[in-house]
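Read the structure below first, then the notes.
The figures that follow rest on heavy atoms only: side chains count, while hydrogens, waters and symmetry mates do not. In what follows, chains carry the letters A, B, and so on, assigned in the order in which the sequence lines appear, proteins first and then strands, with residues in each chain numbered from 1.
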Protein chains: 2
Amino acid sequence: MDKPAARARPAARVPTEPQSAPAASGKRPRGRPRKTLDERDDGNRRVELVNAAARLFHKKGFDATSTRDIAAAVGMHSGSPFYHFKSKGALLYAVVDEGMRSAIARQTAVLQAAAQAAPDPSALLRVLVHNHFDVLLGPGSDFIPVMLYESRALTARQRASLAKLRSDYEAVWVPVLEALTRTGRLKAPLKLARLLIFGALNWSVQWFDARKDASLDDLADAAMALFLQAPCSS
Amino acid sequence: MDKPAARARPAARVPTEPQSAPAASGKRPRGRPRKTLDERDDGNRRVELVNAAARLFHKKGFDATSTRDIAAAVGMHSGSPFYHFKSKGALLYAVVDEGMRSAIARQTAVLQAAAQAAPDPSALLRVLVHNHFDVLLGPGSDFIPVMLYESRALTARQRASLAKLRSDYEAVWVPVLEALTRTGRLKAPLKLARLLIFGALNWSVQWFDARKDASLDDLADAAMALFLQAPCSS
DNA sequence: CCTACCGATCGGTAGG
DNA sequence: CCTACCGATCGGTAGG
């Protein structure tokens with residue numbers, strides 16, 4: 001069956017009083033009502049598709065998710081996602097891109113707040129680690145897991161753009177890790193340390209269960225205890 | 001096109017001198033030649049299929065690999081893998097099962113050798129870590145990466161069997177990590193430490209390049225330096 | 001954004 | 001293990 005489930009169609013989409021104000025003039029605003037509202041609507045549908053795609057790609061994987069699944073999840077018919085995205089792969093890239101930009105924005109925000117309060121590098125690392133766990137495991141966090149585990153389907157060009165974003169995200173960690181190496185609290189070679197640390201964090205997507213396991217703070221504490229040498233002087 | 005590539009068909013499969021000895025008697029060994037040889041042949045074909053499946057599942061992912069791809073890789077026609085395996089999922093489970101049994105066997109072997117030479121827990125961890133990297137990244141290591149990153153397609157029953165094998169593999173690490181915790185060289189809570197450590201190691205599948213990066217020994221050294229507190233007394 | 005549709009591909013099977 | 005095939009599903013498109 002191709003009919004979308006009746007469930008997700010938002011009430012706002014039902015054509016209630018469609019052109020209340022425009023109807024008064026009777027001529028000018030025909031084919032398209034006010035431009036701003038129209039664009040906002042289009043944007044919302046697009047955002048809905050990206051959100052549904054993120055959730056389904058995370059839950060079932062990119063290949064196992066059909067564009068029909070995504071359409072049905074937002075109450076569209078099977079061909080309609082291709083009005084907003086030219087291919088399934090473009091939808092995947094939208095998820096990945098949105099996820100990285102959001103992650104970078106959040107990272108920048110928490111780090112700025114922390115750098116003013118306490119410029120201690122171990123405190124900064126703790127903030128980075130906690131934010132990373134939050135981006136991976138917090139509420140509504142489907143985008144970065146998709147980026148981490150479903151990027152194989154991207155084209156070479158898309159992968160190159162993604163590599164730039166990942167590099168931006170990771171670059172912030174480097175001076176913090178360097179400072180910790182200088183003070184002897186981090187022992188492994190910098191590049192390998194970074195890769196191993198990201199692995200430890202990213203793998204949590206595979207096992208973390210918010211209902212059963214520890215809190216994100218517990219996770220961050222454990223990671224800090226594992227990676228850092230205890231403060232030497234005492 | 002459905003014709004398999006002419007490439008991988010082993011010369012031994014070409015029906016050259018099919019029943020040299022049996023032809024002498026002319027009666028007894030009809031429908032099936034000697035049983036042992038026949039079974040060995042079947043087993044080899046089965047093993048070839050599992051090896052090809054492991055390589056392709058690792059390279060392209062389970063969903064993106066067709067059973068036709070696998071058949072072609074071993075010089076079979078498109079329907080023939082189903083003579084050996086009743087479904088594509090059964091082939092995936094064969095890969096995962098074989099990978100875990102091999103990993104456990106290798107782990108047992110290296111650990112027994114190391115435990116006699118030096119029962120120091122940090123030396124044992126180093127052996128476990130190095131073996132783990134070797135299983136993940138060493139030559140012919142497609143099975144465990146498939147297990148780690150493609151198991152989602154398994155049935156619930158298969159996943160339960162796999163969980164048992166994974167638990168067997170991980171159980172060996174626990175006493176070693178406990179000993180290191182007791183001597184203060186491992187600081188994080190045991191369960192979280194184990195999960196974070198496995199994450200750091202398993203993630204290497206995503207970035208390690210044998211041509212460019214460090215050796216497996218370098219990796220193991222870096223992991224030990226990162227995870228363990230420096231020996232306290234000195 | 002829907003309707004109606006297409007070509008391609010896929011997992012799997014019967015029958016030998 | 002091959003031959004010949006099937007039903008289902010999928011990404012995508014034309015035309016409105």
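Residues A/Ala193 and B/Leu226 approach most closely at O-CD2, 4.3 Å, considering heavy atoms. B/Leu49 and B/Pro81 get closest at one heavy-atom pair: CD1-CA, 4.1 Å.
Taking atom CG of B/Leu91 as the reference point, atom P of C/dC10 lies 15 Å away to the nearest angstrom. As a whole-Å value, the separation of A/Lys86 NZ from D/dT13 P is 10 Å. Look at CZ on B/Phe57: it is 9 Å from P on C/dG11, rounded to the nearest Å. Going from atom CZ of A/Arg45 over to atom C1' of C/dC2 covers 12 Å, rounded to whole Å. What separates NE2 of A/His77 from P of C/dC2 is a distance of 5 Å, to the nearest Å. The CZ-P distance, from A/Phe82 to D/dG15, rounds to 18 Å in whole Å. Rounded to an integer number of Å, the gap from OH of B/Tyr83 to C1' of C/dG16 is 13 Å. Between B/His84 atom NE2 and C/dT13 atom P the separation is 15 Å, expressed in whole Å.
In DNA chain D, runs of at least 3 consecutive Watson-Crick or G-U pairs, each pair with both distances below 3.5 Å, span C:1-16 with D:1-16.
Contact check, B/Arg68 against C/dT9: no side-chain N or O comes under 4.0 Å of OP1 or OP2.
The six-membered or imidazole ring of B/Tyr83 lies away from that of B/His77, with a centre-to-centre distance of 6.0 Å or more. Aromatic rings of A/His58 and A/Phe143 (six-membered ring for Trp) have centroids beyond the 6.0 Å cut-off, not under it. Remark: aromatic rings of A/Trp203 and B/Tyr149 are close, center separation under 6.0 Å.
The cationic group of A/Lys88 lies under 6.0 Å from the six-membered ring centre of A/Phe62 and within 45° of the ring axis, placing it in a cation-pi geometry.
Judged purely by atom type and a 3.5 angstrom limit, A/Asp168 has no side-chain atom pairing as donor or acceptor with the backbone of A/Leu165.
Residue A/Ser66 is in sugar-phosphate contact alone, with no base atom involved, counting any heavy-atom pair closer than 4.0 Å across all strands shown.
Both A/Ser80 and A/Asp69 lie close to DNA chain D; mapped to their nearest nucleotides by heavy-atom distance, the more 5′-ward contact belongs to A/Asp69.
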